[in-house]
Each structure stands twice: as structure tokens, then as C-alpha cells.
Amino acid sequence: SSSNDVAINLNTRRIARTVLLFCIAIELVLVALDLFVYYGPNANTPSARDLVNLARENSLGTWFSSTQTLVVAILLWLLRQRLKSIPACSARRIAGWTLLAVFFTYMAIDDAIAIHENIGSSLEDLHAELDDGIPGPLGSLLEAYPSYAWQVTVGPLFAAMGLFLLLFLWQELQTAQLRWLIILALGCFSLAVGLDYVEGVYGGYKQIIVATGWQYETIRHVSKVIEEFIEMLGTSLFLTAFLLHFGAIAGRIQLSFTAMDKA
């Protein structure tokens, strides 16, 4: 190595633990801000409520969520590049990590602009506008499904990707700790989808309203805040698992700087 080489020694376990605690702390702060502004003394300030409202797609929480997902995507691209540099790494493994990197890149974009919700809503609107609705099985599903349309249109693709994540990473991640992190992350997203399903069902909060006496909008908002928190937590768990895995396969990182020749 030359005198211009810089070796970087990082304790990835310590970094991953710090990142996880930092992300969870931010997520709890976002929840506290939402509830304080939404129900506190500033409840009549629409601009402040919109800024921290986790139930809105264009809030501070949306920015954090999409940014965190983008960081996961970048880390996956780095993992893919590192594995590609290993001669013994098979094309199948590289293709699997590439698919994960593409998926989380898409999810970062989806977090920011709600692609899957808009697709579902557009199909639902089209079904309502057509005289006989959308023909075929899709139209029947939209007619019979009691919750949000995206769950029966785009949802199966997400479910298939979740199954691929579990099976592929179960083989790639060899330690019980990393596998548990992946299971917990997927569990968070499954629970979030369940909460979203209940939100979309007419009368889904009826029993809670009867039991607590709370208003519908209050229950809906609190449920949405919990849903968004669980989604962000799931992303944090993915980030932690991939950081730990990257540290295990990265080895020694060395940067080389070459001075440009003078003209």
C-alpha cells in the first residue's frame, strides 16, 4: 500500500446499536410531537399540526421515513457491490441482493409520494366511474373487498416480496441475531398493514369507540400514528440487520488518494 492509503477501522456492532437507538429515539420524538401538537395547547394551529402530523403523507415523519428507507437502499447497493467483488460469490446471490436494493429504493420513493395508495385509489375511482365497473376478477375483488383497494391490487406483490425477503435472507444471514431482526422487521410491517386494514373497514373502530367513548377521528388518528411508528421501527430493524451484515462481509476498508499530475 502507498503512503496515501487511508485505512478505516469501524466497530460495526457499536455503530449498528447506536444507529438503532438513534432512529428509535427520533421516532418516539415524532410520535410525541404529533400527539402534543394534535391534542395539546397548539391544537388549533393548522400549520403546526400539518408539519408533525404522522397521519399525513407530506409531514416531517414522511421525510424521516423515506430518508431512512433510502439509507437502507444505499446500504444494500453497497452490500451488493461488495459481494460482486468476491470471485466466489454466485450470480444468484448477487441477483438476490440486487432485487432487495431495487425494492428498498422503490420503497423510499413510495414512502415519499404514496405510490401504492394512489394506484389503489385510482383503480377504485375507475371502478366507480365505469357503468359496469372494471370487468373480471379485479372488478369483483374491488367490489367485495371491505378495506383499501391497494391491499388487493398491490398488496400481493408486497406479500410476495416479504416472503422472498424472509427466505433469501434466512440463507444469507447466518446468525440468529440477524435472522430475528429480519423476522421482527417483517412482523412490524405485517402489523402495520393489519392496522391499515382496520382503518379502511367501515365500522372497524366501532368496538373501540363503544369501549372508550372516544370520537372516531381521535381513534383513527392515534391508530395511524401507531401504524406509522411501527413502519419506521421496522425500517430501523432492517437498517440494523444490514449494517451488521455489511460489517461481517466488508473486511478492511481502505481508501487510496492519487494526486492529479500537474499540467
Side-chain angles (χ1 to χ4, degrees), residues 53-59 61-62 65-66 69 72-73 95-96 98-170 182-210 216-235 237-238:
N53 187 353
L54 288 180
R56 287 175 58 90
E57 294 297 337
N58 56 346
S59 65
T62 303
S65 180
S66 60
T69 308
V72 174
T98 302
L99 179 58
L100 292 186
V102 170
F103 176 70
F104 275 91
T105 301
Y106 159 77
M107 288 301 297
I109 301 171
D110 192 301
D111 258 348
I113 59 176
I115 296 174
H116 66 276
E117 288 98 335
N118 286 319
I119 290 175
S121 297
S122 297
L123 289 172
E124 204 167 33
D125 291 342
L126 179 62
H127 181 69
E129 288 174 4
L130 295 175
D131 291 338
D132 297 321
I134 297 175
L138 178 58
S140 300
L141 273 175
L142 292 173
E143 191 72 34
Y145 194 70
S147 190
Y148 294 125
W150 76 263
Q151 295 167 4
V152 292
T153 53
V154 188
L157 298 177
F158 286 158
M161 193 62 204
L163 181 61
F164 171 78
L165 265 165
L166 180 61
L167 296 177
F168 177 73
L169 292 176
W170 194 266
I182 296 302
I183 291 172
L184 289 173
L186 289 172
C188 284
F189 281 96
S190 299
L191 181 56
V193 171
L195 290 172
D196 194 63
Y197 172 84
V198 173
E199 178 192 333
V201 174
Y202 179 78
Y205 297 134
K206 182 179 179 179
Q207 292 183 343
I208 302 177
I209 293 172
V210 172
Y216 168 80
E217 284 301 326
T218 299
I219 296 173
R220 182 181 181 276
H221 182 78
V222 172
S223 175
K224 193 69 177 177
V225 169
I226 294 172
E227 177 191 333
E228 295 300 322
F229 170 76
I230 291 173
E231 284 185 9
M232 291 187 289
L233 177 60
T235 305
L237 293 172
F238 275 126

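If you're wondering where the values come from, they're calculated on a predicted model, not measured in any experiment. The analysis underlying the following values was restricted to heavy atoms, covering all of them including side chains, and did not include hydrogens, waters or symmetry mates.
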Could you tell me which non-hydrogen atom of [X] sits nearest to which non-hydrogen atom of [Y], and how far apart they are?
{"X": "G120", "Y": "A149", "result": "O-CB, 3.3 Å"}
{"X": "A73", "Y": "A101", "result": "CB-O, 4.2 Å"}
{"X": "C188", "Y": "I230", "result": "O-CG2, 3.0 Å"}
{"X": "D196", "Y": "Q151", "result": "OD2-NE2, 3.1 Å"}
{"X": "F104", "Y": "T69", "result": "O-CG2, 3.6 Å"}
{"X": "A192", "Y": "E231", "result": "CB-CG, 3.5 Å"}

Any side-chain heavy-atom pair of [X] and [Y] under 4.5 Å:
{"X": "V72", "Y": "M107", "answer": "no"}
{"X": "L169", "Y": "L100", "answer": "yes"}
{"X": "L165", "Y": "F238", "answer": "yes"}
{"X": "V154", "Y": "E117", "answer": "no"}
{"X": "Y205", "Y": "E199", "answer": "yes"}

Rounded to the nearest 0.5 Å, what's the gap from [atom1] on [X] to [atom2] on [Y]? Could you check?
{"X": "H116", "Y": "W150", "atom1": "NE2", "atom2": "CH2", "value": "4.5 Å"}
{"X": "L141", "Y": "I134", "atom1": "CG", "atom2": "CD1", "value": "10.5 Å"}
{"X": "T153", "Y": "L142", "atom1": "OG1", "atom2": "CG", "value": "7.0 Å"}
{"X": "S121", "Y": "Y148", "atom1": "OG", "atom2": "OH", "value": "9.0 Å"}
{"X": "I119", "Y": "I115", "atom1": "CD1", "atom2": "CD1", "value": "6.5 Å"}
{"X": "E124", "Y": "E129", "atom1": "CD", "atom2": "CD", "value": "11.5 Å"}

- Residue of the set T218, I219, V225 for which side-chain contact (heavy atoms from CB on, under 4.5 Å) holds with H221: V225
- Message: Please check: side-chain N/O of N118 versus main-chain N/O of I113, any donor-acceptor pairing under 3.5 Å?
- Response: yes
- Ignoring hydrogens and geometry, is there a side-chain-to-backbone donor-acceptor pair from S147 to Y197 under 3.5 Å? yes
- Task: Please step through side-chain contact (heavy atoms from CB on, under 4.5 Å) for the pair I183 and W170, ending with a clear verdict.
- Result: CA-CA 9 Å; I183 291 172; W170 194 266; 3.5 Å; yes
- Message: Measuring centre to centre across the rings, with the benzene-like ring taken for any Trp, is F158 within less than 6.0 Å of F189?
- Response: no
- Task: Just say parallel, tilted or perpendicular for the rings of F168 and F164, cut-offs at 30° and 60°.
- Result: parallel
- Item | Residue pair T62, D111: steps toward the side-chain contact (heavy atoms from CB on, under 4.5 Å) verdict | CA-CA 7 Å; T62 303; D111 258 348; 5.6 Å; no
- Item | Pair K224-F229, side-chain contact (heavy atoms from CB on, under 4.5 Å): steps then yes or no | CA-CA 9 Å; K224 193 69 177 177; F229 170 76; over 6 Å; no
